[in-house]
**Q** 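Dropping the structure in here first, questions after.
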There are 2 protein chains.
Amino acid sequence: MTDTTPSRNDELSVPAPHRELLDQVLDKWSLSVLGELCEGPRRFNELRRAIPAVTQKSLTATLRRLERNGIIEREVVSSRPVAVEYRVAPLGKTMRPPVDVLLDWARTYMPQIEKAREAFDAR
Amino acid sequence: MTDTTPSRNDELSVPAPHRELLDQVLDKWSLSVLGELCEGPRRFNELRRAIPAVTQKSLTATLRRLERNGIIEREVVSSRPVAVEYRVAPLGKTMRPPVDVLLDWARTYMPQIEKAREAFDAR
DNA sequence: CTGGATCCTGAATGATACTG
DNA sequence: CAGTATCATTCAGGATCCAG
């Protein structure tokens with residue numbers, strides 16, 4: 001079908017690209033992680049500190065998914081004690097332009113969105 | 001806050017633009033609805049038919065939110081029986097370029113993402 | 001026809017404890 | 001340090017019924 005609903009009317013289900021995209025790459029934490037990794041390689045706990053609101057569980061899940069999709073790379077730097085480094089993969093770097101365009105839009109029009117909300121809520 | 005987490009560490013919470021964006025405009029159904037409305041004005045049940053997987057409840061919620069954010073407009077066209085028409089608002093139209101850029105990226109790189117997944121899952 | 005109001009369940013997330 | 005495991009909780013979303 002045209003979206004993620006795993007209900008009974010999936011059938012052939014050609015995944016709509018935007019659905020895939022939102023589910024896999026633009027989920028709740030991915031952009032925060034990506035933004036951080038764009039600054040340079042980071043280790044697990046560095047990411048946690050950089051994104052205080054994320055829990056260890058969600059961060060792990062986000063990193064795994066991004067890694068699975070080839071957006072980031074994971075490397076075990078050393079054992080004793082274990083150190084793992086995450087970095088943006090080549091495929092991930094291709095996301096920069098579109099993501100930046102999107103964020104530019106957000107920054108540009110956020111004020112208007114706020115206005116619209118106030119107007120709406122005023123009723 | 002810096003994200004949606006309504007936990008206790010919200011505090012000053014300057015809203016990160018991407019978080020706002022994802023929560024309010026790029027949620028599960030918004031792009032489907034926007035895509036449909038870009039074809040022209042639609043009424044409630046037309047949207048339901050166009051996006052079969054969405055429930056009435058979710059569709060209503062999505063339309064309300066988009067309206068509140070000034071992305072779409074709602075107009076009661078007639079009473080007896082009630083007819084409501086939804087259309088893309090001016091603010092919504094400004095989203096086209098960034099969204100298109102994003103979807104182009106998705107279409108272009110989806111094959112590579114698939115590859116990455118297969119490679120990852122093969123382990 | 002266009003929704004609003006309820007009830008209910010599954011998935012996502014949080015908190016906490018534990019391991020290599 | 002970098003996770004895994006488990007349990008509790010929250011919450012979006014589905015199903016239904018109802019109303020203007």
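Worth knowing before you read on, the calculation uses all heavy atoms, side chains too, and leaves out hydrogens, waters and symmetry mates. We name chains A, B, ... by the order of the sequence lines, and we start the count at 1 in each one.
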**Q** May I ask you to test the R87(B)-L37(B) pair for a side-chain heavy-atom distance under 4.5 Å?
**A** no

**Q** Please encode protein proximity along nucleotides 3-9 of chain C as a string of B, S and -, counting only heavy-atom distances under 4.0 Å.
**A** SBBBB--

**Q** To the nearest Å, give me how far apart CD (E75(A)) and P (dG3(D)) are.
**A** 13 Å

**Q** Measure CG/D27(B) against P/dA12(D) and give the value in whole Å, please.
**A** 11 Å

**Q** Tell me the closest heavy-atom pair linking S30(B) and V25(B), and the distance in Å.
**A** CB-O, 2.9 Å

**Q** Would a 4.5 Å heavy-atom cut-off, applied to side chains only, mark R74(A) and R64(A) as touching?
**A** yes

**Q** Going by the ring-ring contact (aromatic ring centres under 6.0 Å, His included) test, which pairs reach into residues 82-108 of chain B, not counting sequence neighbours?
**A** W105(B)-Y109(B)

**Q** Atom CG of N45(A) to atom P of dC1(D): distance rounded to whole Å?
**A** 5 Å

**Q** What nucleotide, of dC1(C), dG14(C), dC1(D), holds the atom closest to the side chain of T55(A)?
**A** dG14(C)

**Q** Inspect the contact between R42(A) and E36(A) and indicate whether a charged nitrogen and a carboxylate oxygen are less than 4.0 angstrom apart.
**A** yes

**Q** Tell me, which pairs form a ring-ring contact (aromatic ring centres under 6.0 Å, His included) where one or both residues lie in residues 35-67 of chain B, sequence neighbours left out?
**A** none

**Q** Between P on dA2(D) and CD1 on I51(A), what's the gap in Å once rounded to a whole number?
**A** 14 Å

